[in-house]
2 protein chains.
Amino acid sequence: MKKKKKNENSSKIFKYHDHEACFGDAITLIEDYFIEKKLQLTPLRRKVFEILIEDHKPLGAYEILDKLGKAGFSSSPPIAYRVLDFLMEHGFVHKVQGLNAFIACSNPEHSHFPTFVICRKCEKVAEVSDDKTRLNLSSPEITDFKIEKTTIELTGICSTCENAEIR
Amino acid sequence: MKKKKKNENSSKIFKYHDHEACFGDAITLIEDYFIEKKLQLTPLRRKVFEILIEDHKPLGAYEILDKLGKAGFSSSPPIAYRVLDFLMEHGFVHKVQGLNAFIACSNPEHSHFPTFVICRKCEKVAEVSDDKTRLNLSSPEITDFKIEKTTIELTGICSTCENAEIR
DNA sequence: CATTACATGTTATAACATAACATAATTGTA
DNA sequence: TACAATTATGTTATGTTATAACATGTAATG
Ligand SMILES: [Zn+2]
Ligand SMILES: [Zn+2]
Ligand SMILES: [Zn+2]
Ligand SMILES: [Zn+2]
């Protein structure tokens with residue numbers, strides 16, 4: 001087994017997410033953004049974002065609704081979907097298509113074309129940015145189509161879950 | 001405006017799908033595959049594949065169910081979903097996540113990692129293979145994850161629809 | 001022809017998402 | 001301030017997509 005002394009953990013997208021920093025930054029970022037754009041960071045919107053950033057894992061709309069209900073907000077479906085749409089428009093939330101779930105954005109630069117890496121066993125999801133991961137998409141041969149949005153989701157198994165599998 | 005004399009149409013993935021060839025090939029391919037693998041290409045399975053390859057566009061499960069009903073088959077949801085799952089397992093059908101729809105595979109080699117290019121206006125979908133389009137995915141920096149499946153969907157507008165937009 | 005595996009049928013329900021309309025809060029302006 | 005316009009939230013109903021659980025039928029194997 002090879003040892004990498006330098007940058008040993010930079011490639012371990014699942015294990016080394018510094019969520020404490022992530023969490024604090026995220027709240028500051030959204031506050032600043034909303035002020036700058038003159039948008040209303042209402043209690044409801046803030047709560048939805050907090051719910052998503054708290055565990056920083058994908059949640060279904062109805063899980064979010066439950067949590068909203070417990071926090072005293074209305075918990076009828078449109079409430080969640082509307083706020084999620086709004087937060088998605090502004091890049092603070094993404095939808096993970098493969099899970100029908102929503103996740104707080106962990107990319108301060110708001111690359112609106114994130115790549116998600118999804119463990120099929122623990123359902124942990126890592127958001128990776130194009131530049132950091134060299135997940136490159138280019139299409140020189142497609143000339144009759146203008147790409148506006150990309151959905152890239154990589155499903156598989158994380159090393160933790162793989163090691164736990166006895167077979 | 002530049003003129004390209006050579007290979008002018010190879011890049012026009014939307015306009016130049018030779019579906020007549022595609023259709024004939026697809027039926028032969030699935031028949032051969034099922035024989036080789038000793039699988040049952042039952043009337044139901046054949047019908048579902050025919051429905052999908054006929055127009056060669058994505059269809060929702062319930063659209064497929066309608067067509068099955070009209071063809072004399074049962075049209076309760078599990079019928080469609082089971083057959084679709086089976087055909088997907090064997091690479092003859094893919095799910096287009098962005099549309100919650102299913103599409104016949106147009107890649108004879110059964111590359112199980114297709115890329116879909118989806119026009120948001122006409123909802124036409126082109127399946128493109130990695131080699132033909134140079135849509136390349138590589139992740140040298142991800143070391144703690146084993147990719148088993150990829151979902152790559154590019155949404156935007158095709159040239160036909162763009163030209164039709166008056167603005 | 002019995003056993004087993006595979007395939008299909010059926011009913012009910014779960015999970016995900018939106019339409020349409022009502023009310024309330026915020027913002028801009030006379 | 002009063003008013004209008006805009007934005008945000010609440011509510012009810014319904015539409016859409018997908019699966020669980022169990023029953024029946026059909027094909028392959030020895
Ligand atoms: Zn985080
Ligand atoms: Zn895992
Ligand atoms: Zn075709
Ligand atoms: Zn189009």
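Being a predicted model, the structure only gives us computed values, none of them experimental. Just so we're on the same page: letters track the sequence lines, and every chain starts at 1.
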Enquirer: Using the closest heavy atom to pick a nucleotide of DNA chain D for each, name whichever of S75(A) or F86(A) lands nearer the 5' end.
Expert: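 Nearer the 5' end of the strand: F86(A).
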
Enquirer: What nucleic acid atoms does Y62(B) come within less than 4.0 Å of, heavy atoms only: base, sugar-phosphate, or nothing?
Expert: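 Base, at least one base heavy atom under 4.0 Å.
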
Enquirer: Might you point out which heavy atoms bring M88(B) and V93(B) nearest each other, and give the distance in Å?
Expert: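 Closest pair (atom of M88(B), atom of V93(B), distance): CG-O, 3.1 Å.
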
Enquirer: Between E162(B) and K121(B) (salt bridge meaning N to carboxylate O under 4.0 Å), is one present in this structure?
Expert: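 Salt bridge absent between E162(B) and K121(B).
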
Enquirer: Which is true for L44(B) with a 4.0 Å heavy-atom rule: it touches a base, it touches only sugar-phosphate, or it touches nothing?
Expert: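 Here L44(B) touches the backbone only, sparing every base.
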
Enquirer: For F73(B) and dT8(C), give me the distance from atom CZ to atom P, rounded to whole Å.
Expert: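 Result: 9 Å.
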
Enquirer: If I take atom CD1 in residue I79(A) and atom P in nucleotide dT23(C), what distance separates them, rounded to the nearest angstrom?
Expert: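 The distance from CD1 of I79(A) to P of dT23(C) comes to 15 Å, rounded to the nearest Å.
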
Enquirer: Using only side-chain N and O atoms of R45(B), determine if any of them is under 4.0 Å from OP1 or OP2 of dT8(C).
Expert: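 For dT8(C), OP1/OP2 do have a side-chain N/O of R45(B) under 4.0 Å.
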
Enquirer: Mind calculating the distance between CG (L39(B)) and P (dA7(C)) to the nearest angstrom?
Expert: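 Value for this atom pair: 7 Å.
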
Enquirer: Rounded to the nearest Å, what distance is computed from the CG atom of residue L68(B) to the P atom of nucleotide dT8(C)?
Expert: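 For the pair L68(B) CG and dT8(C) P, the rounded distance is 11 Å.
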
Enquirer: Anything under 4.0 Å to a heavy atom of chain B counts; send over the first and last such nucleotide of DNA chain D, read 5' to 3'.
Expert: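 For DNA chain D, the relevant span reads dT17(D) to dA27(D).
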
Enquirer: Would you please indicate yes or no on a ring centroid separation below 6.0 angstrom for Y33(B) and F92(B)?
Expert: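 Yes; Y33(B) has its ring centre under 6.0 Å from that of F92(B).
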
Enquirer: Taking CG from D66(A) and P from dC16(C), how many angstroms apart are they, rounded to a whole number?
Expert: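 Those two atoms, CG and P, are 11 Å apart.
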
Enquirer: On the nucleotide dC16(C), are OP1 or OP2 found under 4.0 Å from the side-chain N or O atoms that N100(B) carries?
Expert: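 No, because none of the side-chain N or O atoms of N100(B) sits under 4.0 Å from OP1 or OP2 of dC16(C).
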
Enquirer: Identify whether any heavy atom of S76(B) sits under 4.0 Å from a base atom; if not, whether one sits that close to sugar-phosphate; answer base, sugar-phosphate or nothing.
Expert: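 Counting heavy atoms under 4.0 Å across all strands, the contact made by S76(B) includes a base.
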
Enquirer: Closer to the 5' end of DNA chain D via nearest nucleotide, is it L99(B) or R82(B)?
Expert: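 It is L99(B), whose closest nucleotide lies nearer the 5' terminus.
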
Enquirer: So which nucleotide from dT26(C), dA7(C), dT18(C) ends up closest to the side chain of P77(A)?
Expert: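 Nucleotide nearest to P77(A)'s side chain: dT18(C).
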
Enquirer: Provide, to the nearest angstrom, the distance between the NZ atom belonging to K37(B) and the P atom belonging to dC6(C).
Expert: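 So the NZ-P distance, K37(B) to dC6(C), works out to 15 Å.
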
Enquirer: Identify the heavy atoms of F145(A) and G156(B) that sit nearest to each other, and give their distance.
Expert: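 Scanning both residues completely, I find the closest heavy atoms to be CZ-N, 3.2 Å.
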
Enquirer: Should E153(A) and I118(A) count as side-chain neighbours, where that means a heavy-atom distance under 4.5 Å?
Expert: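 E153(A) reaches I118(A) side chain to side chain.
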
Enquirer: Taking the six-membered ring for Trp, is the centroid-to-centroid distance between H94(B) and F102(B) below 6.0 Å?
Expert: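 Distance test on ring centres: not under 6.0 Å, no.
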
Enquirer: Might you point out which heavy atoms bring L65(B) and P77(B) nearest each other, and give the distance in Å?
Expert: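 Closest approach of L65(B) to P77(B): CD1-CA, 3.4 Å.
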
Enquirer: Any base atoms under 4.0 Å from K38(B), or only sugar-phosphate, or nothing? Heavy atoms, all strands.
Expert: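 Nothing: the residue K38(B), judged by heavy atoms under 4.0 Å, touches no strand.
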
